[in-house]
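Throughout, protein chains are lettered first and strands after them, A, B, ... in sequence-line order, and every chain is numbered starting at 1. All values below come from the heavy atoms of this structure, side chains included, with hydrogens, waters and symmetry mates left out.
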Amino acid sequence: MPDLFSPTFWTQPVDILARTLIGAELLIEGVGGIIVETEAYDVDDPASHSFGGPRARNAAMFGPGGHAYVYRIYGIHWCLNLVGGARAGGAVLIRALEPTHGIDVMAQRRGLTDRRALCSGPGKLAQALAVTGAFDGLPLDRPPFALRTGQPVEVVAGARIGISKAVAQPWRFGAKGSPYLSRPFSRHDRSV
DNA sequence: GTATCGATGATCT
DNA sequence: GATCATCGATACC
């Protein structure tokens with residue numbers, strides 16, 4: 001696992017970043033867990049919020065790497081991204097965590113006790129970690145964020161979820177066999 | 001196990 | 001007016 005705080009880490013291509021972040025530990029105010037599912041979005045990617053250039057909502061995607069991009073979806077849920085990539089306009093959507101820290105707090109925020117349901121989706125983990133639009137644009141290398149490297153993990157890649165454009169791009173990444181994914185990967189999805 | 005549907009509001013055409 | 005990088009409940013297999 002590379003150094004998450006090296007100056008060049010966040011300038012890697014977004015798919016490499018999304019792949020590399022699987023297995024890292026993400027905490028907010030000490031609450032969170034191991035990243036087990038991500039998706040990559042790039043500036044020339046029709047499925048990306050940055051496609052078409054900077055706008056009010058996606059401004060953080062065109063800011064410096066190593067910062068958060070947070071947006072509201074369906075008027076209900078928040079989603080957390082980590083900004084990065086070889087060019088401006090890239091980000092990695094954090095889709096699922098394996099809960100490890102502050103499980104009782106997350107269970108209270110989610111109104112659930114089932115560990116597998118706490119962070120198994122982008123909207124779920126945002127609720128469990130109390131992510132809101134107030135986090136949009138914040139740097140990841142200082143509180144309330146804590147991002148650390150983890151153990152090497154076998155990673156599989158497949159099609160992204162919930163999009164209608166560029167549906168074939170295999171830019172969803174997950175820890176192989178993890179019970180904390182938002183959805184299982186296909187048997188035919190390959191290791192990367 | 002899969003399928004479908006409503007919630008709910010910002011963003012864009 | 002349409003489209004969402006979603007979730008949870010419900011119905012059915």
Side-chain angles (χ1 to χ4, degrees), chain A residues 13-19 21-22 26 33 35-63 65 67-85 87-99 106-137 140 155-175 177-189:
Chain A
V14 277
D15 55 324
I16 303 297
L17 271 179
R19 158 71 181 81
L21 285 166
I22 301 295
L26 173 66
I35 298 173
V36 295
E37 184 179 339
T38 61
E39 284 177 359
Y41 289 89
D42 207 354
V43 68
D44 60 358
D45 168 10
S48 175
H49 290 170
S50 57
F51 188 71
R55 295 184 166 278
R57 176 176 71 161
N58 63 20
M61 290 186 80
F62 291 91
H67 288 236
Y69 163 53
V70 179
Y71 66 92
R72 204 148 151 78
I73 187 65
Y74 295 103
I76 304 173
H77 308 287
W78 296 100
C79 291
L80 171 66
N81 296 251
L82 311 186
V83 174
R87 299 170 286 172
V92 175
L93 172 66
I94 307 301
R95 287 195 55 91
L97 302 179
E98 174 181 340
M106 293 192 278
Q108 186 170 14
R109 289 171 176 163
R110 295 271 299 122
L112 297 166
T113 55
D114 178 10
R115 249 161 128 113
R116 294 165 55 131
L118 290 181
C119 297
S120 54
K124 297 179 188 180
L125 79 85
Q127 184 182 27
L129 273 59
V131 171
T132 69
F135 290 76
D136 188 42
L140 303 171
V155 176
V156 292
R160 294 174 292 184
I161 293 176
I163 57 173
S164 61
K165 296 169 184 166
V167 293
Q169 187 78 260
W171 274 5
R172 174 183 179 228
F173 300 89
S178 172
Y180 299 99
L181 300 173
S182 67
R183 283 174 41 182
F185 281 79
S186 157
R187 280 192 316 287
H188 305 297
D189 287 338

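Across all their heavy atoms, A:Phe185 and A:Val156 have their closest contact at CG-CG2, 3.6 Å. Contact detail for A:Val36 and A:Leu181: the closest heavy-atom pair is O-CD2, 3.3 Å. In this structure, A:Met106 and A:Ala128 approach most closely via the heavy-atom pair CG-O, 3.5 Å. Here the closest heavy-atom approach between residue A:Cys79 and residue A:Ile73 is recorded as SG-CG2, 3.8 Å.
Searching all strands for a Watson-Crick or G-U wobble partner of C:dA5 with both distances below 3.5 Å returns nothing. Figure legend. B:dT8 is base-paired to no nucleotide; pairs are counted as Watson-Crick or G-U wobble with both atom distances under 3.5 Å.
Distance A:Asn58 CG to B:dC12 C1': 12 Å, rounded to the nearest Å. Spacing between atom OH of A:Tyr74 and atom C1' of B:dT4 amounts to 14 Å, rounded to whole angstrom units. Atoms CG (A:Asp136) and P (B:dT11) sit 11 Å apart, rounded to a whole Å. Computed from coordinates, the A:His49 NE2 to B:dC12 P distance equals 10 Å when rounded to whole Å.
Of the residues in residues 75-82 of chain A, those lying under 4.0 Å from DNA chain B by heavy-atom distance are A:Gly75, A:Ile76. Taken residue by residue, residues 160-169 of chain A places heavy atoms nearer than 4.0 Å to DNA chain C at A:Ile161, A:Gly162, A:Ile163, A:Ser164.
The salt bridge (Lys or Arg N to Asp or Glu O under 4.0 Å) pairs that include a residue from residues 113-128 of chain A number zero, where partners must be two or more places apart or lie in different chains.
No side-chain donor from either of A:Arg109 and A:Gln127 sits under 3.5 Å from a side-chain acceptor of the other.
Note that the first and last nucleotides of DNA chain C, 5' to 3', having any atom under 4.0 angstrom from a heavy atom of chain A are C:dC4 to C:dG8.
Listed by chain and residue number, nothing satisfies the side-chain hydrogen bond (donor to acceptor under 3.5 Å, both in side chains) test with A:Thr38 (two or more places apart in sequence, or in another chain). Partners of A:Ser182 according to the side-chain hydrogen bond (donor to acceptor under 3.5 Å, both in side chains) rule, which considers only residues two or more places apart in sequence or in another chain, are A:Glu37, A:Arg95.
A:Arg87 has a carboxylate O that lies under 4.0 Å from a charged side-chain N of A:Asp42, or vice versa, which qualifies the two as a salt bridge.
Residue A:Arg110 is in sugar-phosphate contact alone, with no base atom involved, counting any heavy-atom pair closer than 4.0 Å across all strands shown.
A:Arg55 has no side-chain polar atom (N or O) that falls below the 4.0 Å cut-off from OP1 or OP2 of B:dT11.
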Exercise for the section: Would you please test A:Val14 and A:Trp171 for side-chain contact (heavy atoms from CB on, under 4.5 Å) and show each step? Expected result: CA-CA 9 Å; A:Val14 277; A:Trp171 274 5; 4.2 Å; yes
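Checking each of A:Tyr69, A:Tyr41, A:Tyr71 against A:His49 for a side chain to side chain donor-acceptor pair (under 3.5 Å) leaves exactly one that passes, namely A:Tyr69.
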